[in-house]
There are 2 protein chains.
Amino acid sequence: MAARAEVSQATAARALGGYGYVGAASRRAVLDAAQELGYRPNNVARALVSGSTRTIGLVVGDIENPFFAAAARGLADVVEEEGYTLLLANSDEDLERERRAIDVLRTQLVDGLVVAPVSGNDGDHLRVLESDNRPLVLMDRAIRGLQVDAVMVDNAGGARTAIEHLLKFGHDRIGVVSDADEISSTAERLRGYRKALRDAGIEPDPGLVSVGPSTRAGGYDAARVLLERPDRPRALFTLNNFMTAGAVRAIRDFGLRIPDDVALVAFDELEWTTLVDPPITVVAQPVAELGRAVGARLLARLRGDDSTPKRTRLRTELIVRSSCGPGG
Amino acid sequence: MAARAEVSQATAARALGGYGYVGAASRRAVLDAAQELGYRPNNVARALVSGSTRTIGLVVGDIENPFFAAAARGLADVVEEEGYTLLLANSDEDLERERRAIDVLRTQLVDGLVVAPVSGNDGDHLRVLESDNRPLVLMDRAIRGLQVDAVMVDNAGGARTAIEHLLKFGHDRIGVVSDADEISSTAERLRGYRKALRDAGIEPDPGLVSVGPSTRAGGYDAARVLLERPDRPRALFTLNNFMTAGAVRAIRDFGLRIPDDVALVAFDELEWTTLVDPPITVVAQPVAELGRAVGARLLARLRGDDSTPKRTRLRTELIVRSSCGPGG
DNA sequence: GTGAAAGCGCTAACAC
DNA sequence: GTGTTAGCGCTTTCAC
């Protein structure tokens with residue numbers, strides 16, 4: 001090791017690692033020598049003995065989704081500040097792939113794990129992590145019966161305000177373009193949707209909820225099913241960003257006009273929703289903050305916080321534009 | 001270790017690691033015991049001795065940028081198939097942060113590194129990597145004088161076809177909304193732009209190239225500068241996706257109409273470019289394929305390929321829509 | 001304040 | 001085929 005150039009190994013390690021007692025003189029000597037020899041500490045060796053890899057594992061449905069990308073960015077910003085690096089894995093919204101991803105990450109001995117779980121019901125593979133004694137925080141999605149930190153968004157509330165907005169325009173038959181309600185955030189949004197209807201004295205019609213995969217194509221197809229109905233709903237509520245794009249495309253392809261033929265409110269704000277004509281009324285989520293809050297929670301745990309698990313809800317905001325009718 | 005439950009340590013390691021000779025009987029025994037005890041191999045220890053961490057480092061300007069996100073996805077898909085995990089870092093398009101990110105990744109002993117370098121000129125921090133003897137592949141952007149694998153897009157060609165398209169509509173004064181030409185891909189696009197003009201007998205006017213940071217706001221401001229000119233150009237060419245969004249916003253805010261008041265061609269295809277009115281003519285890049293090609297190159301190196309560095313160019317495609325005038 | 005030595009959990013020779 | 005043994009490059013007692 002570089003240290004030998006000057007003093008002993010332990011001393012060098014202490015100087016480099018910045019722990020224990022080192023004389024000012026030896027410290028200088030070591031640091032200089034390290035500089036000269038271009039010494040890089042070997043984090044793998046360090047991790048083996050210290051038990052910490054300074055990495056955080058992140059498992060999301062698809063990093064290509066702007067929602068996850070922005071959250072990942074927020075998370076990275078926060079944890080990198082403390083010297084952690086993000087290990088990334090895509091689950092592709094598939095439970096089996098999620099399991100494998102978590103397994104690989106565990107094997108890499110990440111110091112902490114962030115997961116946006118595919119399923120709100122099936123959490124056994126996450127329950128196992130408890131024995132690892134490494135912090136886990138759930139991002140955007142919860143798992144029934146799993147008592148761990150989770151930072152989410154007020155999905156039910158966001159959906160409710162969206163529906164109430166549509167209600168104001170006299171829509172009582174509102175179609176929903178949804179992905180699988182196994183995803184906990186989706187389930188919550190659907191719950192908010194039904195609640196808002198019932199509160200208005202309307203019994204939700206299950207036939208108006210059209211389900212597809214969380215992709216553009218999924219949104220297109222799910223919207224198509226709704227638009228093809230003889231009693232086509234005059235209002236649509238889309239539950240996530242990719243599907244919104246697909247739904248807008250479908251509406252166009254049917255030669256329908258927003259908002260005259262069909263009103264639209266979308267969950268999740270994206271750049272382009274302001275660029276299209278008409279600009280779309282959306283339920284905006286604080287995405288970057290979601291990532292940052294998750295990071296903060298994780299860092300707290302990493303620092304030894306062992307309070308009982310916290311579930312945090314971030315507020316959403318209805319941004320009224322022009323996709324529902326005159327004046328909104 | 002779990003193994004003791006049955007046989008010796010070395011044998012267990014062999015069975016678990018799948019290397020060396022192991023009798024069928026002992027293999028079974030070991031595997032069963034491992035199963036029972038919920039044994040997880042410790043990749044850190046394994047890495048320390050084997051010299052391989054099964055991780056790939058990725059440094060991009062901003063994972064939130066759909067371009068990088070899609071490329072990252074393609075890369076992840078390819079390398080995960082071979083059991084590698086992506087270690088992610090953002091450089092924020094800042095050279096100093098890029099240096100630090102690379103340093104951290106080296107320290108984590110990634111088996112290979114993928115970088116979309118901020119600067120096409122300053123590559124000393126990457127040159128150092130040669131001594132690491134770990135493969136490095138450049139993604140989307142090259143560095144002058146650095147002989148390493150690189151997978152890029154035909155930026156000059158793409159820009160040329162874009163400009164030729166605009167030329168066909170009679171535009172001879174084409175404004176460019178650009179980010180820093182230190183970014184090699186940007187420099188190439190600008191080169192293609194100038195070449196196309198000169199080939200048409202037009203001397204490029206440097207005043208028509210407006211530069212800003214690679215963000216929506218940067219695009220907005222850069223476009224504004226152009227649109228405020230008394231001799232406002234009647235055509236705009238935007239060099240990347242975020243800036244395109246900003247430019248479109250600026251055009252709208254100026255009360256200008258596409259394509260009547262200003263024609264537009266954008267580099268990089270995004271979902272929303274087909275959703276706005278009019279849909280925008282773009283130079284599409286094979287982004288996912290870019291990531292996959294980078295992954296393939298890296299895996300080849302990891303497998304021992306030591307041929308001379310390859311520079312690959314992926315083809316772009318002009319997708320004509322309606323942002324330049326009647327019929328395109 | 002500094003050095004010697006043990007050991008983190010594995011792999012890789014090398015004997016048997 | 002299987003066991004023994006020696007490290008990988010660090011951190012960490014524990015003497016001095």
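Labels below follow one simple rule: chain letters A, B, ... track the order of the sequence lines, proteins then strands, and each chain is numbered from 1.
- For the helix from dG1(C)-dC16(D) to dC16(C)-dG1(D), the end axes, each set by the C1' atoms of five terminal pairs, are bent relative to each other by 30° (nearest 10°).
- For R40(A) against dG9(D), a side-chain-to-base donor-acceptor contact under 3.5 Å is absent.
- Applying the salt bridge (Lys or Arg N to Asp or Glu O under 4.0 Å) test to every pair with at least one member in residues 144-153 of chain B, sequence neighbours left out, gives these pairs: D149(B)-R297(B), D149(B)-R301(B).
- Applying the salt bridge (Lys or Arg N to Asp or Glu O under 4.0 Å) rule to pairs touching residues 47-76 of chain A yields D62(A)-R73(B), R73(A)-D77(A), R73(A)-D62(B), R73(A)-D92(B), sequence neighbours excluded.
- At the phosphate of dT2(D), neither OP1 nor OP2 sits under 4.0 Å from any side-chain N or O atom of T11(B).
- Under the side chain to side chain contact (heavy atoms under 4.5 Å, CB included) criterion, V118(B) pairs with S91(B), E93(B), E98(B), not counting sequence neighbours.
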Between side-chain atoms of residues 10-17 of chain B and protein atoms elsewhere (two or more places apart, or another chain), which donor-acceptor pairs fall under 3.5 Å?
{"unit_1": "T11(B)", "atom_1": "OG1", "unit_2": "S8(B)", "atom_2": "OG", "d": "3.1"}

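- R141(A) has no carboxylate O lying under 4.0 Å from a charged side-chain N of E182(A), or vice versa, which leaves the two without a salt bridge.
- Rounding to whole angstrom units, CZ of residue R14(B) and P of dG1(D) are separated by 11 Å.
- Closest-nucleotide positions on DNA chain D for Y21(B) and L48(A) were compared, and the one nearer the 5' end corresponds to Y21(B).
- Straight-line distance from the CG atom of N43(B) to the C1' atom of dT11(C): 13 Å, rounded to whole Å.
- Residues that satisfy the side chain to side chain contact (heavy atoms under 4.5 Å, CB included) test with N240(B), not counting sequence neighbours, are D179(B), R189(B), S214(B), F242(B), M243(B).
- Counted within 6.0 Å of CZ on R313(A), heavy atoms from surrounding residues, nucleotides or ligands total more than 12; the atom is thus considered enclosed.
- Side-chain proximity of N42(A) to the nucleotides dG9(D), dG3(C), dT11(D) is greatest for dG9(D).
- Nearest-nucleotide mapping onto DNA chain D: of V49(B) and S26(B), the residue sitting toward the 5' end is S26(B).
- Put simply, CG on L109(B) is 10 Å from C1' on dG9(D), counting in whole angstrom units.
- At whole-Å resolution of the value, CG in L16(A) and C1' in dG9(D) are 12 Å apart.
- Regarding Q9(B), its CD atom lies at a distance of 8 Å from the P atom of dC10(C), rounded to whole Å.
- For A10(A), taking side-chain heavy atoms from C-beta onward, the closest of the listed nucleotides dG3(C), dC10(C), dC10(D) is dG3(C).
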